[in-house]
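Here is the structure we will look at.
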Amino acid sequence: MSVFPQLSMNPDVREHLRSVYTNNELVCESGADEADVVFEALLSCLSHPPLFTCLRASTHLHSLQDVQLRLQQHLAQQERCPSVYTHPQLPDVLLLPVHGPRSVDPLVSEVIVDAQCGNAVLRGAHVFTPGILSMPKYMKVGEVVSVFSDVERKCTRGAKEFKGKKVFLGNGISEVDRSEIFSSDGPGKGVAVRMTEPLYQSPSFDGVLTDQLFLQNLPSVVVGHVLGPRPGERILDMCAAPGGKTTHIAALMGNQGTVVALEKVRSKMEKLVQNAEMLQLDCIKAYCCNSVHAVSSDPVKCSADGPPYPEESFDRVLLDAPCSGLGQRPNMSYSCSLREVCSYQPLQRKLFTTAVRLLKRGGVLVYSTCTVTLAENEEQVSWALRTFPGLTLEPQLPVLGSEGMSGAGLSRDQRRLLQRFRPELVWRGAGVPHSPESLLHNANADTIGFFIAKFMKR
């Protein structure tokens with residue numbers, strides 16, 4: 001059920017995205033009216049959280065059933081006892097239903113948080129101090145407050161009230177005074193408002209069973225299985241932070257072999273290393289490197305210990321490419337300009353070219369994004385097949401998403417080899433069903449927007 005406004009974005013970005021969802025091929029297949037309905041459903045679903053919280057279990061260390069039991073015990077200690085389901089097709093995934101929208105009445109005392117913080121609250125987080133923009137002048141510890149998200153990014157940090165466009169997220173209890181948040185030393189880092197009546201209820205997993213569970217979107221887990229890593233292989237993750245897919249690949253290999261993880265931002269690379277250590281995965285070798293430059297045909301420049309690498313160095317390559325992120329949920333406000341949205345395609349092609357050069361003959365390359373545009377997804381597949389004659393599209397397992405979208409010149413058979421996760425399809429029309437049976441049935445459908453393509457180098 002839609003309770004929030006549609007995703008807000010710049011008018012030219014909205015029109016660009018609309019042109020994707022009403023392209024000539026799609027209109028010929030389904031009709032103009034249906035294409036418009038699906039596009040409107042997309043904008044509505046993106047501002048709401050998915051139906052489930054997805055947790056990947058560390059099955060290289062513990063059985064799924066043991067992790068499930070420990071999680072249920074932890075939730076019972078919190079006096080929260082939501083059902084914890086195993087996924088019927090993914091042997092390392094636990095699913096927790098997100099309950100909402102719930103009937104919660106806003107209060108007089110208001111706390112305004114930034115859009116990023118608001119999105120996190122909708123997925124079960126408490127309000128942390130850096131996310132707060134505005135709060136009442138005399139707010140004290142223990143005060144019951146309502147939390148709102150500044151969806152248009154117009155609230156000034158430190159304000160005592162805000163009259164602009166805002167969206168109600170739920171109620172909570174303040175754990176700090178106003179003076180601690182807006183002090184001259186800058187904001188702290190801890191919890192500022194503990195959510196007691198969230199509009200969408202999902203347990204907080206901050207610091208919970210950290211060596212056994214990894215919070216990860218369902219399509220991101222599918223990527224690791226589609227890549228199909230095997231023990232003893234040498235695998236490259238080109239854009240690896242924060243390490244969810246990297247650690248999943250290593251776990252699927254049974255921590256046997258080598259997973260090279262590249263990340264160009266050092267602080268993100270260091271966080272990846274921490275995650276690997278926490279999950280006891282020592283087959284991961286992480287390097288701070290721009291992956292565009294990760295290959296060299298000059299033996300003098302190549303190193304045995306790190307990038308750049310000689311051509312055909314890896315059995316499998318994952319390129320989870322930097323993208324416009326238009327599939328992320330929940331997201332009520334998208335701030336990128338059209339120029340920024342369109343800037344990703346050339347970068348992705350540079351990275352893809354490097355990936356092909358680094359892949360061994362007979363090796364597997366998986367390309368994925370968390371966006372919904374044609375330019376970054378199906379058009380990239382069409383370009384890759386034209387540019388690299390040795391690449392072929394391969395069937396994927398498991399198949400939990402829909403086929404690829406029309407509009408990029410791919411044949412129906414080619415589109416059937418792709419996976420595009422399209423939450424707008426389950427939202428199309430009356431909205432998402434909420435019976436217990438339909439919830440689990442729709443776990444694969446009501447996800448973030450995501451795209452996966454699998455290639456083999458012949």
Side-chain angles (χ1 to χ4, degrees), residues 1-8 44-51 53 78-80 82 96-183 186-206 328-335 431 434:
M1 182 174 68
S2 180
V3 295
F4 299 135
Q6 290 184 337
L7 172 62
S8 170
S44 294
C45 79
L46 289 177
S47 63
H48 295 72
L51 277 176
T53 296
Q78 289 186 332
E79 298 183 353
R80 292 183 180 178
L96 280 77
V98 175
H99 297 291
R102 302 161 69 233
S103 179
V104 182
D105 295 324
L107 307 171
V108 174
S109 187
E110 298 182 356
V111 170
I112 311 298
V113 301
D114 62 37
Q116 183 178 1
C117 178
N119 296 340
V121 169
L122 288 175
R123 299 207 72 170
H126 298 296
V127 176
F128 284 75
T129 302
I132 292 183
L133 299 174
S134 167
M135 60 188 349
K137 183 176 181 179
Y138 300 109
M139 197 183 88
K140 300 294 183 183
V141 173
E143 187 172 341
V144 182
V145 298
S146 286
V147 178
F148 291 80
S149 178
D150 169 26
V151 295
E152 293 185 332
R153 305 173 191 262
K154 291 185 177 179
C155 182
T156 303
R157 180 172 174 78
K160 298 178 179 66
E161 62 178 358
F162 178 60
K163 300 296 185 182
K165 187 176 179 180
K166 57 195 176 188
V167 172
F168 178 57
L169 306 177
N171 300 327
I173 299 175
S174 171
E175 299 210 342
V176 293
D177 295 337
R178 175 185 168 91
S179 59
E180 296 177 56
I181 295 175
F182 301 119
S183 69
K189 295 182 180 181
V191 173
V193 177
R194 190 166 297 278
M195 298 300 295
T196 54
E197 292 184 296
L199 200 62
Y200 281 84
Q201 188 166 53
S202 178
S204 173
F205 290 98
D206 185 43
Q328 291 289 1
R329 297 175 63 198
N331 188 9
M332 296 186 201
S333 177
Y334 185 79
S335 60
H434 279 273

Note to self: If you apply the rule side chain to side chain contact (heavy atoms under 4.5 Å, CB included), what do you find for V193 with I173, and how did you get there?
What the structure shows: CA-CA 5 Å; V193 177; I173 299 175; 5.9 Å; no

Which atom pairs, donor and acceptor, lie under 3.5 Å between side-chain atoms of residues 130-143 and protein residues at least two apart or in another chain?
unit_1: S134; atom_1: OG; unit_2: A159; atom_2: O; d: 2.9
unit_1: E143; atom_1: OE1; unit_2: K140; atom_2: N; d: 3.3
unit_1: E143; atom_1: OE2; unit_2: S109; atom_2: OG; d: 3.0

Notebook entry, point to check: Can you find a heavy atom in the side chain of S202 that is under 4.5 Å from one in the side chain of R123?
Noted result: no

Next item on the list: Verify, without hydrogens or angle tests, whether S149 (side chain) and G118 (backbone) share a donor-acceptor contact under 3.5 angstrom.
Entry: no

Check: Is there a side-chain contact between F4 and L122 (heavy atoms, below 4.5 Å)?
Finding: yes

Check: If we only count heavy atoms from C-beta on, is the L51 to P97 side-chain gap below 4.5 Å?
Finding: no

Notebook entry, point to check: How about L96 and F205: do any of their side-chain heavy atoms sit closer than 4.5 Å?
Noted result: yes

Notebook entry, point to check: Short question: side chain of N171, backbone of V147 - any donor-acceptor pair under 3.5 Å?
Noted result: no

Checklist line | Close side-chain approach of P49 to P330, heavy-atom, < 4.5 Å | finding: yes

Notebook entry, point to check: More than 12 non-hydrogen atoms from neighbouring residues, nucleotides or ligands closer than 6.0 Å to CD on E152, yes or no?
Noted result: yes

Check: Would you say H126's side chain and M195's backbone share a donor-acceptor pair under 3.5 angstrom?
Finding: yes

Next item on the list: Kindly indicate, with the supporting measurements, whether the criterion side chain to side chain contact (heavy atoms under 4.5 Å, CB included) is fulfilled by V176 and I181.
Entry: CA-CA 7 Å; V176 293; I181 295 175; 3.4 Å; yes

Check: Going from SG on C117 to CG on L169, what distance comes out if it is rounded to the nearest 0.5 angstrom?
Finding: 8.0 Å

Check: Out of curiosity, S8 OG to K165 NZ, how far, rounded to the nearest 0.5 Å?
Finding: 5.5 Å

Check: Any sub-3.5 Å donor-acceptor pair from R194's side-chain atoms to E175's backbone N or O?
Finding: no

Margin query: Keeping D177 on the side-chain end and S179 on the backbone end, is there a donor-acceptor pair under 3.5 Å?
Written below: no

Check: Hey, is R102 close enough to E197 for a salt bridge, meaning N to O under 4.0 Å?
Finding: no

Notebook entry, point to check: Of all residues at least two apart in sequence or in a different chain, which pass the salt bridge (Lys or Arg N to Asp or Glu O under 4.0 Å) check with R153?
Noted result: none

Next item on the list: To the nearest 0.5 angstrom, please state how far the CZ atom of R157 sits from the CD1 atom of I112.
Entry: 13.5 Å

Next item on the list: State which residue, out of F162, F148, F168, fulfils the side-chain contact (heavy atoms from CB on, under 4.5 Å) condition with E110.
Entry: F148

Check: According to the interplanar angle, ranging from 0 to 90°, do the rings of H48 and Y200 count as parallel (below 30°), tilted (30 to 60°) or perpendicular (above 60°)?
Finding: perpendicular

Margin query: Side chains of T53 and V98, heavy atoms from C-beta outward: is any pair under 4.5 Å?
Written below: yes

Item checked: Side chain D150, main chain D114, donor-acceptor under 3.5 Å -> no

Item checked: Sequence-distant partners of F128, ring-ring contact (aromatic ring centres under 6.0 Å, His included), two or more places apart -> none

Next item on the list: Indicate the atoms forming the closest heavy-atom contact of G172 with T196, along with that distance.
Entry: CA-OG1, 3.6 Å

